[in-house]
Asker: 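One structure is given below, represented as structure tokens, and several questions about it will come after.
For reference, positions follow the sequence shown, starting with 1.
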Amino acid sequence: MKPKLKIRDLTLRDGQQSSFATRMTQQQIDRVLPYYKDAGFYAMEVWGGAVPDSVMRYLEENPWDRLEKIKAAVGDASKLTALSRGRNLFGYNPYPDSVIDGFCKESIDSGLGIMRIFDALNDINNIRSTIHSVKKYGGMADCAVCYTIDPHFTMAERLKAQLKGKKLPNHIFTDDYFLRKAKQMEALGADMITIKDMSGLIPPRRVAGLIKLFKKHLSIPIDFHTHCTPGYGLASVLSAIVHGVDIIDTNIWYFAGGPAAPAIELIYVFCQKLGIELDLNMEAIEKINGELFYIRKELEDFDVVKQYPNKFSPLRDQLPESVDNLFDVAIKAAKENNEETLVRVCHAIEAYFGFPKPDELVKKAEIPGGMYTNMVAQLKQLKSEFILQRAMELIPHVRLDAGLPPLVTPTSQIVGVQAVNCALDEKNGKPKYSNVSNQFRNLVKGEYGETPVPVDPEFRFQIAGVREETPYDTSAYETQPNPVLEDCGGVKLAENDKEQLLLELFPIVAKDYLTKVKKERYQKEHAGAVGEESSKETTKQTTQITGRVITSPMPGRVFQLLVNPGDMLSGGENVLILEAMKMENNISSPYAGRVKQVLVNRGDFVPEGAPMLEIE
């Protein structure tokens, strides 16, 4: 009997997030769903990650509708999956068990079959609640071990540390480390384990070793997830298949390669040669791909690659003998663990089909491609692109100071933003860590969980004001306000549990989205009865500025106002929280005096240098 391999398709979530900034509309997704029902994928990743945030923020769509509409179209033909960040769910902050439980219940009720659960620190305690709740409501718990590597330090940096009485760590993220985490997940009730290589940094030989180790010591299926950005993706997936992986993650042709996962069409060719059964309807997949070509054209403004692979059908196109032989050579190299040949030949295969070349900069930086692009975007906003090199140099040091977290959302964003902040501090003649985000402070404090290596207590005191690791205190959690919208007929902002969950996870984005939805509904129901003025956002009424002004140090959105007009300040107090690059930054007043006027509203976007408060 032929061996079988299951396929998880990522096209509608990770695929579009990796390459097209998560901008697929529901209308575009609806166009491919009839074919997906016939495709035969074991699972389809359609939700989680950046999808819920993006569909509200950019598309003005309801995230719950997306999940429910896909379920209605696909039915039980494929299991629908979502990506969840453990205690952080889809956000950047930890949540109490009550929010996690409610979220899992509503997700599974809406059609979710598998929740892929990971923690950015690989802290097992942070995924316990989600595993329990997912299984409690009938879902499958796919627990992901986040693959990462030890930071690279030069010999000079290691000698410098030794002279200061410190030893820079080495050999932290070993095979035994990953196996230990996987075994702990299995003991908690995981239904499958994913090796999650979010950076695409795992080479084929390492994959082979981990797959064999996991298969020997675990009794549940193993999934392998990677990206093609640095150039290992296709070779590492083939290595995983050859060495017995149960499930692999792929994208469909026009959404594959580059920053995304490898193409299912190439995996199909390999599996045909290996005698492995996929149970896929490639005719249906070809129809999906035909529609994806036009959808990609429609998403051109968001296309980070702008390089289409050559048209190819594994059912209809005859490969030239020289190219067909490359597949055979790659299989032989994978079986022999000949990594150099395997990688070289897979690059040749991808080049023939017109997929993007490996990104050597990301490979050298040893960070996720998304983390790099976020740093570039942040520095462009700040008009400080010239410090990118210094920010990149600071990443391993910031990461080590924070306890060596794996670089995956949200820690990749937290570390990346902090490296930029430190580079800006240096540029402005300030000590490093003069400006830290709330998320970095909480990471160092211990609120995100236990880091792979302990944080220096003195550094923790410098950043967070405490020396002891301080876990997240669920008793201090306050639910987001749910006001009555008087100008929308007196309805609540969140009218049901699903809407309240959106508020908990995405306070500003969900507030804006839900307010707009309620206003449009009310105006439609009371056409002509609502004056133009009631449909306008309230603007901040200001008087002439005569006092001292607190300005925005960076472009961002006002997340929370901490003071009101008339409040007295002694100097140094935090006056508001500014959200920039998804990080929350405390803005303090250097002045003592009375708050004369607050010049911004919660939710306002402010450019760098914009006046926010006046102190007299």
Asker: Does Lys79, at its NZ atom, have more than 12 non-hydrogen atoms belonging to other residues, nucleotides or ligands within less than 6.0 Å?
Answerer: no
Asker: Between the side chains of Asp223 and Lys6, is the shortest nitrogen-to-carboxylate-oxygen separation below 4.0 Å, so that they form an ion pair?
Answerer: no
Asker: Does a side-chain N-to-carboxylate-O contact under 4.0 Å join Arg206 and Asp175?
Answerer: yes
Asker: Does Asp317 come within less than 4.0 Å of Lys311, counting only side-chain N to carboxylate O?
Answerer: no
Asker: Would a 4.5 Å heavy-atom cut-off, applied to side chains only, mark Met282 and Pro314 as touching?
Answerer: yes
Asker: Name the residue from Glu286, Glu265, Glu283 that meets the side chain to side chain donor-acceptor pair (under 3.5 Å) definition with Ser313.
Answerer: Glu286
Asker: Please state whether the rings of Tyr36 and Phe41 are parallel, tilted or perpendicular, taking 30° and 60° as the class boundaries.
Answerer: tilted
Asker: In plain terms, say whether Lys273 and Asp328 are close enough for a salt bridge, that is, a side-chain N and a carboxylate O under 4.0 Å apart.
Answerer: yes
Asker: Does OH in Tyr35 sit with more than 12 non-hydrogen atoms of other residues, nucleotides or ligands closer than 6.0 Å?
Answerer: no
Asker: Could you check whether any side-chain heavy atom of Ile211 comes within less than 4.5 Å of a side-chain heavy atom of Val242, counting everything from C-beta outward?
Answerer: no
Asker: Quick test of your reading of the model: are Arg116 and Asp14 salt-bridged, counting only N-O distances below 4.0 Å?
Answerer: no
Asker: For side-chain contact (heavy atoms from CB on, under 4.5 Å), just list the numbers for Tyr42 and Lys4, CA-CA rounded to whole Å, side-chain angles, deciding distance to a tenth of an Å, and then say yes or no.
Answerer: CA-CA 11 Å; Tyr42 166 68; Lys4 288 191 176 184; over 6 Å; no
Asker: Would you mind reporting whether Thr229 and Ser199 have side-chain heavy atoms less than 4.5 Å apart?
Answerer: no
Asker: Does the pair Glu393/Arg390 count as a salt bridge with the N-to-O cut at 4.0 Å?
Answerer: yes
Asker: Could you tell me if the side chain of Phe327 sits less than 4.5 Å from the side chain of Leu266, heavy atoms only?
Answerer: yes
Asker: Cys104 versus Thr130: any side-chain heavy-atom pair under 4.5 Å?
Answerer: yes
Asker: Hey, is NZ on Lys71 packed in by over 12 heavy atoms from elsewhere, all under 6.0 Å?
Answerer: yes
Asker: Using the side-chain contact (heavy atoms from CB on, under 4.5 Å) rule, take Met198 and Ser412 through it: C-alpha gap first, then chi angles, then the decisive distance, then the call.
Answerer: CA-CA 10 Å; Met198 54 282 168; Ser412 57; over 6 Å; no
Asker: Please report the C-alpha distance between Ile414 and Gln418 in whole Å, then the side-chain angles of each, then the deciding distance to 0.1 Å, and finally whether the side-chain contact (heavy atoms from CB on, under 4.5 Å) criterion is met.
Answerer: CA-CA 6 Å; Ile414 294 171; Gln418 192 54 54; 5.6 Å; no
Asker: With a 3.5 Å cut-off and no angle check, do the side chains of Gln184 and Arg180 form a donor-acceptor pair?
Answerer: no
Asker: With distance as the sole criterion, is a donor-acceptor pair present between the side chains of Asp197 and Tyr232 under 3.5 Å?
Answerer: no
Asker: Pair Phe293, Tyr308 - check ring pair (Phe, Tyr, Trp, His ring centres under 6.0 Å), show working.
Answerer: CA-CA 9 Å; Phe293 175 81; Tyr308 285 64; 5.7 Å; yes
Asker: Please report the C-alpha distance between Tyr147 and Lys196 in whole Å, then the side-chain angles of each, then the deciding distance to 0.1 Å, and finally whether the side-chain contact (heavy atoms from CB on, under 4.5 Å) criterion is met.
Answerer: CA-CA 6 Å; Tyr147 178 80; Lys196 178 176 167 59; over 6 Å; no
Asker: Sort and list the pairs that fulfil salt bridge (charged side-chain N to carboxylate O under 4.0 Å, His left out) and have at least one residue in residues 406-417, not counting sequence neighbours.
Answerer: none
Asker: Less than 6.0 angstrom from the centroid, inside 45 degrees of the normal: does Arg296 satisfy that with respect to the ring of Tyr254?
Answerer: no
Asker: May I ask you to say whether Glu340 pairs ionically with Arg344, meaning some side-chain N is under 4.0 Å from a carboxylate O?
Answerer: no
Asker: Would you call Glu61-Lys69 a salt bridge at under 4.0 Å N-O?
Answerer: no
Asker: Any idea which heavy atoms bring Glu350 and Leu234 closest together, and the distance?
Answerer: OE2-CB, 3.7 Å
Asker: Is the number of heavy atoms from other residues, nucleotides or ligands within 6.0 Å of NZ (Lys183) greater than 12?
Answerer: no
Asker: Rounded to the nearest 0.5 Å, what separates atom CG in Asp150 from atom CZ in Arg399?
Answerer: 7.5 Å
Asker: Is it the case that atom CD in Glu360 sees more than 12 heavy atoms from other parts of the structure closer than 6.0 Å?
Answerer: yes
Asker: Measure the acute angle between the ring planes of Trp253 and Phe355, then classify it against the limits of 30° and 60° as parallel, tilted or perpendicular.
Answerer: perpendicular
Asker: Distance only, no hydrogens: is a donor on one side chain within 3.5 Å (strictly under) of an acceptor on the other, for Glu186 and Ser219?
Answerer: yes
Asker: If you measure only the distance, is there a donor-acceptor pair under 3.5 Å linking the side chains of Asp176 and Thr174?
Answerer: no
Asker: Under 4.0 Å between a Lys/Arg side-chain N and an Asp/Glu carboxylate O for Arg8 and Glu45?
Answerer: no
Asker: Asp246 versus Ile220: any side-chain heavy-atom pair under 4.5 Å?
Answerer: no
Asker: Any side-chain heavy atom of Pro356 within less than 4.5 Å of one from Cys228?
Answerer: no
Asker: Does the pair Asp38/Lys287 count as a salt bridge with the N-to-O cut at 4.0 Å?
Answerer: no
Asker: Looking at side-chain heavy atoms only, is the closest gap between Asp65 and Gln26 below 4.5 Å?
Answerer: no
